Amino acid sequence: MQLKNKVVLITGAASGIGLAAARRFAAEGASLMLADMDEKALRSAAGEIGSQAVDSVVVDVSNPEQVENMVRATVTKFGRLDAFIANAGIEGKIGEIVDSDVENFDQVMAVNVRGVWLGLKYAIGAMRDSGGGSIVITSSGAGVKGQPNMAPYNSSKHAVIGLMRCAALECAQYNIRVNTVNPGAVETRMMRSIEEGFAPGSGETFKETLHAATPMGRYARPEEIANMMLFLASDESSYCTGGVYMVDGGNST
Ligand code: NAI
């Protein structure tokens, strides 16, 4: 029970990595606030976990009032905030910069960067009031190396490493640790979308290419990312802050 008596807020909790983290954290004894913009999937996730210690809040992480409300709802319900998993993100459209539209760039930045900054802005205050805590931001393998055809996504995942480093330096004095988890390709909806974006109609073949290009020869399971999030959210990582934690099967090596 690594998260016994801990209150954890997870964004993007209705699907994929966020949902895997929610399941694992519930099993480790956490009280959970699940946050997502997909209300139907969110209710289903909260229902599936089904514990008294789980609640949910609909949020668009790019909206300041909604993010402030999300943090307030967590503290109102559970009395404190010990860990915040800033995980919601979108992949945007696949394409070269020269052919891409401004709207796609703005949307990816709004969710993936502004959304994380807003989460930090409101979660840090609540966590400081709780005597400290841990913030985990989902960056990506795309946050540490360039890639063609995904410039908005790639640069957004670089940007959150910068946010993490600034927040880690600001928050050490409050006993709040801040780190990123950087997954390689993970078996979720997002990779299906990216595969189809790169190879319309041949996503499966594209996936095989990515498997072959990965030293461990496969994608990650969402649970494997959740395990690192658990370590960083728990007291096991009590001296870890300002770190970039790769979970990528060797891809960045
Ligand atoms: P997913 O698409 O399965 O889950 C993302 C969740 O975020 C969804 O439930 C969606 O409704 C929610 N969401 C999207 N925009 C939102 C917004 N504006 N406000 C609130 N919720 C919003 O994707 P997955 O794979 O679970 O991704 C989670 C995080 O992991 C993302 O930040 C993603 O960039 C990152 N990541 C994913 C990788 C992968 O291969 N799947 C690899 C590296 C990083």
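On a predicted model such as this, the values are computed, not experimentally measured, just so you know. Counting convention: from 1, in listed order, for ligands and their atoms alike.
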Counting only pairs under 3.5 Å, give me each side-chain donor-acceptor contact of residues 68-76, with atom names and distances, residues two or more places apart or in other chains.
{"unit_1": "T74", "atom_1": "OG1", "unit_2": "M70", "atom_2": "O", "d": "2.8"}
{"unit_1": "T76", "atom_1": "OG1", "unit_2": "R72", "atom_2": "O", "d": "2.8"}

Original post:
Exactly which residues line ligand 1, taking a heavy atom under 4.0 Å from it as the test?
Top reply: G12, A14, S15, G16, I17, D36, M37, D38, V59, D60, V61, N87, A88, G89, I90, V111, T138, S139, S140, Y153, K157, P183, G184, A185, V186, T188, R189, M190, M191
Subject >> Ion pair check, E187 and K207, cut-off under 4.0 Å >> reply: yes
**OP:** Among L232, V178, N179, find the residue that satisfies the side chain to side chain contact (heavy atoms under 4.5 Å, CB included) test when tested with I135.
**Re:**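 Among L232, V178, N179, the one meeting side chain to side chain contact (heavy atoms under 4.5 Å, CB included) with I135 is V178.
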Original post:
When hydrophobic residues are tied together by side-chain contacts of less than 4.5 Å, even through go-betweens, does Y174 share a cluster with L81?
Top reply: yes
Original post:
If you draw a 6.0 Å radius around CD in Q173, do more than 12 non-hydrogen atoms from other residues or ligands fall strictly inside?
Top reply: yes
Subject >> Distance (rounded to the nearest 0.5 Å) between D36 CG and S56 OG >> reply: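 So the gap between those two atoms works out to 9.5 Å.
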